[in-house]
Chemist: 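There's a structure below that I have some questions on.
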Amino acid sequence: MGSSLQEEIIRLAASKGVLIDPLAVKELENKNDAIARLQTILHSFDNPPLIITHEMISGTGPETAESAGHGEPVGTVGHISSTPSPPKILKDITGNSTSRGNVKDFAKYFTDRFHSLKKILMRRGDMAGALPISRAVRLNRDISVIGIVNSVHTTRNGHKILEIEDEEERCKVLLMADRKDEYVLKDEVIGVKGRMNRERTMIVADAIVRPDVPFNRSVEKIDSTSRVAVLSDTHVGSKTFLREEWDLMLDWLKRAPEARDINYVIISGDLADGIGVYPDQEDDLEIDDVYAQYQRVAQYLSELPDWMRLVLMPGNHDAVRPAEPQPTFQTELRKMFDSRVTFVGNPATVEIEGRNVLAYHGRSFDDVISSLPHLSWERPIDAMKELLKRRHLAPVYGEKTPLAPEKRDYMVIDEVPDVFITGHVHSYGLDDYRGVKLISGSTWQSQTSYQKMRNISPIPAKMPVFDLASLNLNVVNFSEFHNNQRHSMHRVV
Ligand SMILES: [Fe+2]
């Protein structure tokens, strides 16, 4: 049931040929000068926008302008921000790879993984008293240890037996059947709290402790009016690249008032479709030359509005080494792009106007989703939470995700980011985990024959957008253009 004020708001917007977002209606209803405000907004545009958004309402009026992070009154069409500062690369393998892949390298790699995650675990109050396994197993009291998981076996009775290892000792850990929802991944680093059994052959676990993201993390306030758009898995060169949706997106970025603060675009991997990535891929390719594919990517990206800075990261389809961490594109490919582009490896942490953004293509979802029964391909966001809990982007070694044994484990999430972006699954999702904003990018490719065979239905042509100051997440949907729908920005979190 709509109130009469609500109806009046909608009628007034409609009379100017403008749609109004339900959240914007709600926001207006709470103001005592709702109609006057709406009139001001409507009159402030030379060309009316497609839709009045919640942001446009909260950006008006002296009492909300500051809190919304928009000092300028809404309605100044045209780009008013000064040139956005280039993203700063904080962590990236590019130029730092030392891996030759021998046995010594692997030993060093796992030692670094263990130490980095142990350090994070020891910062937790409940693990501060952790002892080396060699000492803990001699004690007759409650103990805490930290180890990397060598193996996980489930017994016939449904108990799980883990073998964990630290710098000098291994031991077995029993997880009773009543803890059947506790799934431990091979090669993850965990804390174990428990007691030795009577036979002194294993630790009976009371709790498995993960490094995780601390509760009540304070998110710094920053002064920025910029927004960041996320594109993922563009797969240029494939016959199933969604050219029409892509063009609609370009058009929206050029014209929509909501796009004028989008100063950054991050593409989280699989820019091109590549060649020979899966069996019979050549049948699905429109462009069968890898250089020509990147020339096309560069051409498409050059059409993005000139005020936008770009961050480009490779994925498993791209022409870089497949083993993660992946260094960025080689010079020959990089020079095809204009100077607005910052090239990073996969994964990479970049700082954009004071916000830390962690981007990872997401190959490890292939292993994590198949190892943890409560996860699904349709909800990559849940898999992202599992990675954050483990503070590691690719916890499982030796399955589908190829890992290069670098001296430092670049897959460890040592700093908690403000925003965590992934792609790869061609699905889509936005969420929040203990204050970390999670974005799973969509794709710009429709279902391929390979995905059809594997029963994977992509959710294409959605563009997540976030505000750097408020970290609010939105999405612009370009997937339903056939129904002639307008492309509005919906607030999700
Ligand atoms: Fe992809």
Side-chain angles (χ1 to χ4, degrees), residues 229-243 245-246 249 265-288 290 293-294 296-297 300-301 310-326 328-329 333 344-348 359-370 375-381 383-384 387 393-394 400-402 420-429 438-464 478-479:
V230 177
L231 305 173
S232 192
D233 295 82
T234 45
H235 288 267
V236 173
S238 152
K239 282 179 188 163
T240 44
F241 172 69
L242 293 167
R243 181 64 203 260
E245 286 84 344
W246 180 267
M249 181 267 294
V265 177
I266 298 179
I267 308 190
S268 48
D270 285 0
L271 273 64
D273 203 46
I275 283 170
V277 182
Y278 59 87
D280 300 322
Q281 187 189 10
E282 54 277 16
D283 300 341
D284 298 339
L285 290 177
E286 186 202 330
I287 306 170
D288 61 5
V290 87
Q293 287 183 3
Y294 285 98
R296 186 68 67 84
V297 175
Y300 286 165
L301 296 183
L310 280 65
V311 177
L312 303 189
M313 190 182 86
N316 59 303
H317 275 250
D318 285 303
V320 300
R321 84 167 183 203
E324 294 178 3
Q326 296 178 293
T328 201
F329 304 92
L333 298 180
V344 295
N346 168 39
Y360 171 54
H361 179 61
R363 181 77 203 259
S364 75
F365 291 148
D366 293 355
D367 297 321
V368 173
I369 294 175
S370 57
L375 299 184
S376 73
W377 291 101
E378 289 73 38
R379 286 191 49 84
I381 287 289
M384 292 174 77
L387 299 184
L393 295 168
K400 287 195 186 119
T401 315
F420 178 25
I421 297 171
T422 61
H424 187 57
V425 291
H426 294 207
S427 181
Y428 152 77
L438 310 180
I439 298 174
S440 165
S442 156
T443 176
W444 297 84
Q445 181 186 40
S446 62
Q447 194 184 41
T448 62
S449 51
Y450 180 70
Q451 289 168 338
K452 203 168 191 175
M453 200 172 72
R454 296 184 59 202
N455 214 8
I456 298 169
S457 305
I459 305 179
K462 291 187 190 297
M463 183 176 71
F478 298 97
S479 62

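Along the sequence shown, the residues carry numbers beginning at 1. Remember, it's 1-based here, ligands and their atoms both numbered in the order they're listed.
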Chemist: Less than 3.5 Å apart, any donor N or O on the side chain of Asp283 or Ser449 sitting next to an acceptor on the other?
Modeler: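 The answer is no; no qualifying pair exists.
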
Chemist: Under the rule for salt bridge (Lys or Arg N to Asp or Glu O under 4.0 Å), what residues qualify as partners of Glu286, not counting sequence neighbours?
Modeler: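 Testing Glu286 for salt bridge (Lys or Arg N to Asp or Glu O under 4.0 Å), a comparison that skips the adjacent residues, returns Arg296.
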
Chemist: Looking at Asp233, Ile275, Val277, Thr234, which one forms a side-chain contact (heavy atoms from CB on, under 4.5 Å) with His317?
Modeler: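 Among Asp233, Ile275, Val277, Thr234, the one meeting side-chain contact (heavy atoms from CB on, under 4.5 Å) with His317 is Val277.
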
Chemist: Is there a side chain to side chain contact (heavy atoms under 4.5 Å, CB included) between Phe420 and Leu387 once you walk through the steps?
Modeler: CA-CA 10 Å; Phe420 178 25; Leu387 299 184; 4.3 Å; yes

Chemist: Between Tyr360 and Met313, what is the shortest heavy-atom contact and its length?
Modeler: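 Scanning both residues, the minimum pair turns out to be C-CE, 3.5 Å.
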
Chemist: Sorted by chain and residue number, which protein N/O/S atoms are under 2.8 Å from the Fe ion (ligand 1)?
Modeler: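 The answer, once waters are left aside, is Asp233 OD2, His235 NE2, Asp270 OD2, His426 NE2.
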
Chemist: Which label fits Trp246 and Phe241: parallel for a plane angle under 30°, tilted from 30 to 60°, or perpendicular past 60°?
Modeler: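 The arrangement is tilted - the two ring planes meet at 30° to 60°.
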
